[in-house]
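Can you keep this structure in mind? I'll have questions shortly.
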Amino acid sequence: MTFQPRELFPDRSARDLFGAEIRRHREKADLSLRRLSEVLNYSKSHLARIEAAECLPYDDLPSKLDACFGTDGMFARLYALAKNEPFPRKYRRMIELESRAAIIEQYVAATFPGLLQTPELAEHSLRSGFPHAPDAEIQAMVKARIDRQVLLARVKPPRCWFVLDEAVLRRPVGGPAVMRDQLSSLLERGTQSHVTIQVLPFTAGGHAEAGGSLTLFTTPGEPPVAYDESSQSGLIVEDQGDVAQRRENYDLLRAMALSPRDSEAMIRAVMEDWTPCQPPRT
């Protein structure tokens, strides 16, 4: 089977343009990805992802590219623009839907929703997901995630409904102090009139959305949209039959979950489990 290079879209963003320029210059120089990776002493797989705009370098690759192709700092300048774009292309549509939605309904099985995370938990969560990323990249991702939460403080915020699997409350991320602060923040968020939080207890058993996360976006005048996310990928669902099936799944999860009042009681109880032990007096 003949290899078909992935289509690039340089007009979408600086990140996409950066990748497209790599391909344009290497093809002009008649270099394969493998040969370019050898010339630059760089990972071929990582270089392929950068060219496809799936990620950005966080090292000296731009200067290596400028030296290789004689582009007089062009890649360095493009990188300076691209690194200020906080979200990869595959998340950009979801973020745009989130920013315009009048109603956001979400179920999560593994970690706290980004809209509800504290900066400390976000940092520990991102470091777990990107263990080899440099500090600058992690801090940029934390800022991007926390900046999204401004929509909850708007004059007319979206109506938000969160269903959290009990595992989210009990999985240690960052240690007891981080978890306790996160749960305290969760309780505070739950007092806002436009935010409802429910916990799906272990006793609810199996269900259709186990293992991933599901978000439903409702925007006035537009068809509803669903977003499925796993640890490795995200999928925007627009077919209305498929969206309706996910709506049914979500409504069943909401019915299986504890009431908001009982959910608050469980969160408070789990908070006590995350209280650091005091050393004995001597």
Are T71 and D66 linked by a side-chain donor-acceptor pair shorter than 3.5 Å? yes
Please confirm whether the ring centroid of F18 lies under 6.0 Å from the ring centroid of F75. yes
Between V237 and V243, which heavy-atom pair has the shortest distance, and what is it? O-CG2, 3.3 Å
Test side chain to side chain contact (heavy atoms under 4.5 Å, CB included) on L151 and R154; report intermediate values, then the result. CA-CA 5 Å; L151 67 86; R154 291 193 307 215; 3.8 Å; yes
Please determine whether residues L252 and L214 belong to a single hydrophobic cluster, defined as Ile, Leu, Val, Met, Phe, Trp and Tyr linked transitively by side-chain heavy-atom distances below 4.5 Å. no
Rounded to the nearest 0.5 Å, what's the gap from OG1 on T218 to CZ on R159? Could you check? 12.0 Å
Does a donor on one side chain and an acceptor on the other come within less than 3.5 Å for Q139 and D135? no
Step by step, would you call D165 with Y107 a side chain to side chain donor-acceptor pair (under 3.5 Å)? CA-CA 8 Å; D165 196 280; Y107 163 73; 3.2 Å; yes
Kindly work out whether a path of hydrophobic side-chain contacts (I/L/V/M/F/W/Y, heavy atoms less than 4.5 Å apart) joins L116 to F217. yes
Does D30 CG have over 12 foreign heavy atoms under 6.0 Å away? no
Do M256 and M266 share a hydrophobic cluster, counting only Ile, Leu, Val, Met, Phe, Trp and Tyr and linking them when any side-chain heavy atoms are less than 4.5 Å apart? no
Is it the case that the ring center of Y250 lies less than 6.0 angstrom away from the ring center of H207? no
Any chain of hydrophobic side-chain contacts (each under 4.5 Å) joining L200 to L258? no
Check whether I103 and Y227 end up in the same hydrophobic cluster, where Ile, Leu, Val, Met, Phe, Trp and Tyr are linked by side-chain heavy atoms less than 4.5 Å apart. no
The test is side chain to side chain donor-acceptor pair (under 3.5 Å); show your working for R171 and T111 and say whether it passes. CA-CA 8 Å; R171 179 173 289 107; T111 190; over 6 Å; no
Begin from the C-alpha positions of E38 and K44 and carry the test salt bridge (Lys or Arg N to Asp or Glu O under 4.0 Å) through to its verdict. CA-CA 8 Å; E38 293 171 350; K44 176 179 176 289; over 6 Å; no
Compare every heavy atom of R254 with every heavy atom of V163, then report the nearest pair and how far apart it is. CG2-CA, 4.4 Å
Greater than 12 external heavy atoms within 6.0 Å of E238's CD: yes
